[in-house]
Amino acid sequence: MKKPMIGLEVHGYLETKEKLFCNCRNFHDMKLIKPNTNVCPVCTGQPGSKPMLPNKSAIDKLLQIGLMLGCKVNPVFLWQRKHYNWPDMPKGYQITISGAHSIPVAENGKFLGIRIREVHLEEDPAAWNPDKGTIDYNRSGAPLVEIVTEPDFTSSEQVQTWLKQLVLTLSYIKALNKDAGIKSDVNVNIKGLTVRTEIKNVNSITEIIKSIKSELRRHEKEKPIKQETRRWNSITEKTQLMRTKEEQADYRFIPDPDLPAIKINKQRVQDIKNKLPESPEEKLDKIIKKHKINPKDAEVLTQNLEIVELYEKVIKKINPKFALPWITTEWLSVLNHNKKTMKEVDINPQHIIELLKLLKENKITALAAKNILRKFIPKSFSPLKLAKSSEKISDKEKLLKIIHKIYKNNQKTIADYKAGNKQALNFLIGKIMQETNRRADYQVVREMLEKELK
Ligand code: ADP
Ligand code: ZN
Ligand code: MG
């Protein structure tokens with residue numbers, strides 16, 4: 001049986017205010033700050049510096065992740081030193097909970113059909129640029145979570161769906177920084193044909209998928225029977241040999257004498273468990289069943305925690321079906337058009353409620369509502385004031401005057417319509433909308449025009 005076996009060691013950035021062993025900030029968008037401006041003696045590994053006690057909120061987030069992935073949480077964590085000499089790690093070792101003598105933080109879980117072997121925590125090394133010889137310590141010491149799966153995946157497509165759902169789920173508990181992305185070691189072999197290759201440090205979901213496809217092709221062709229560690233070259237889109245099993249790195253793990261063991265009592269685990277928010281699947285289920293929203297639209301809503309939360313607030317006051325397209329179609333397209341995420345804009349759900357009420361009560365047209373929605377970037381406002389100037393015109397006398405004015409200037413279009421070109425009617429309606437600043441009542445205008453043109 002020639003079935004691919006794929007296992008992942010996924011690393012993600014924990015969403016915390018501070019780094020793991022010092023009070024430097026835990027930035028996610030490194031492009032925003034100058035190199036080496038977010039550093040201290042601890043995270044630059046100065047001789048004699050000692051780590052502070054580990055960031056409590058990082059430990060809490062880690063426990064949340066373990067529980068969300070259905071793992072059993074262990075009562076004691078031990079910190080270990082993982083030794084290696086590399087420019088990104090000046091103190092000569094990385095502090096980690098994983099390693100030779102370690103007890104995993106959490107183990108034996110299952111997430112969407114894939115068994116989770118264990119969950120770990122470690123500090124991120126600095127960023128070394130081998131071409132320039134420069135090192136940036138801004139992210140050095142940031143808390144990284146490591147999630148190790150069993151080799152249960154059988155295709156790259158399955159890995160892709162699973163990873164996307166993993167990132168989404170962990171962003172729901174605000175434990176993982178979605179924008180910081182993930183990196184992963186990817187283990188691949190073909191059962192009964194080849195021996196496992198480990199591809200180190202692949203940088204995004206897209207590259208992970210490419211690396212699996214490429215490596216499976218290589219396994220089919222070369223049928224490797226020696227265990228190897230390889231690196232991914234995203235330019236050639238092929239893996240390259242780093243080392244064979246015999247030259248496997250020896251990290252000389254020892255317990256870190258500067259850090260006490262962390263004891264996790266049952267109550268802390270229970271408290272975190274009780275407070276775990278809904279997962280994307282639970283939200284999806286609720287949106288479909290409770291609010292009777294079709295699965296496709298519910299899926300669009302739940303792809304983003306901030307969007308589904310906005311929707312849930314809006315439908316406290318507005319009929320869910322009525323509100324739906326205004327979030328899934330209109331609001332999302334406003335965000336996309338402006339290339340903004342919910343985190344980058346300041347939206348008060350109350351303002352959307354007011355807007356939809358005006359629309360529902362027929363005080364403004366749908367077009368006017370769309371117009372106001374566009375103005376909600378970067379910050380929403382109460383649409384009640386604006387509504388006055390965009391009040392809907394349904395008064396027939398008023399409309400008739402406008403229609404006659406449009407007639408005068410569009411004689412040819414009218415002739416076209418009379419000659420059978422139905423499109424011409426829409427053109428005329430468009431002109432009237434333009435003339436009234438989109439305030440004319442569409443239905444009324446249409447009926448009037450049809451009657452007039454007979
Ligand atoms: P190592 O310590 O060498 O990294 P582990 O046994 O801890 O090896 O496994 C690490 C990862 O390798 C896990 O994600 C696991 O699922 C994966 N893995 C183990 N055996 C295989 C295999 N035969 N094929 C694919 N992946 C595997
Ligand atoms: Zn620091
Ligand atoms: Mg490994």
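Order of appearance sets the numbers: ligands from 1, and atoms from 1 within every ligand. A quick note: this is a predicted structure, and the numbers were derived from the prediction, not measured.
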Checklist outcome for this item: Taking only non-hydrogen atoms of Glu198 and a 4.0 Å limit, the atoms of ligand 1 in range are 4 (O)
Checklist entry - Does Phe376 have its ring centroid less than 6.0 Å away from the ring centroid of Phe381? => result yes
Checklist entry - Nearest to atom 26 (N) of ligand 1 by heavy atom, Asp152, Asn187, Thr149: which? => result Asn187
Next on the checklist: I need the SG(Cys40)-the Zn ion (ligand 2)-SG(Cys24) angle, rounded to 10 degrees.
Outcome noted: 100°
Next on the checklist: Less than 3.5 Å apart, any donor N or O on the side chain of Thr44 or Gln46 sitting next to an acceptor on the other?
Outcome noted: yes
Next on the checklist: Need the ligand 1 atom indices (1-based, order shown) with element for anything under 4.0 Å from a heavy-atom of Asn189.
Outcome noted: 22 (C), 23 (N), 24 (N), 25 (C)
Item to check | Within-shell test, Lys191 vs ligand 1, heavy atom, strictly < 4.0 Å | outcome: no
Next on the checklist: As an exercise, identify every atom of ligand 1 less than 4.0 angstrom from a heavy atom of Leu8.
Outcome noted: 14 (O)
Item to check | salt bridge (Lys or Arg N to Asp or Glu O under 4.0 Å) between Glu118 and Lys72, worked out | outcome: CA-CA 9 Å; Glu118 54 192 43; Lys72 175 182 155 278; over 6 Å; no
Checklist entry - Cationic tip of Lys82 within the cone over Tyr251's six-membered ring, i.e. under 6.0 Å and within 45° of the normal? => result yes
Checklist entry - Are Lys19 and Asp124 close enough, and set up right, to give a salt bridge (Lys or Arg N to Asp or Glu O under 4.0 Å), and what steps lead you there? => result CA-CA 9 Å; Lys19 292 182 180 180; Asp124 200 19; over 6 Å; no
Item to check | Cys22 atom SG and Cys43 atom SG as seen from the Zn ion (ligand 2), angle to 10 degrees | outcome: 120°
Checklist entry - Side chain, backbone, both or neither: which part of Glu150 has a heavy atom under 4.0 Å from ligand 1? => result backbone
Checklist entry - Should you measure from each heavy atom of Arg117, which atoms of ligand 1 turn up under 4.0 Å away? => result 5 (P), 6 (O), 7 (O), 9 (O), 15 (C)
Checklist entry - Ion pair present between Glu198 and Arg230, side-chain N to carboxylate O less than 4.0 angstrom? => result no
Checklist entry - At a 4.0 Å threshold, what atoms of ligand 1 neighbour a non-hydrogen atom of Met5? => result 23 (N), 24 (N), 25 (C)
Checklist outcome for this item: The atoms of ligand 1 lying under 4.0 Å from a heavy atom of Val148, numbered in the order shown, are 13 (C), 14 (O)
Checklist entry - Glu9 heavy atoms, cut-off 4.0 Å: which ligand 1 atoms fall inside? => result 4 (O), 10 (C), 11 (C), 14 (O)
Next on the checklist: Check this for me: does any side-chain nitrogen of one of Glu123 and Lys91 sit under 4.0 Å from a carboxylate oxygen of the other?
Outcome noted: yes
Checklist entry - Salt bridge or not for Arg217 and Glu237, using N-O below 4.0 Å? => result no
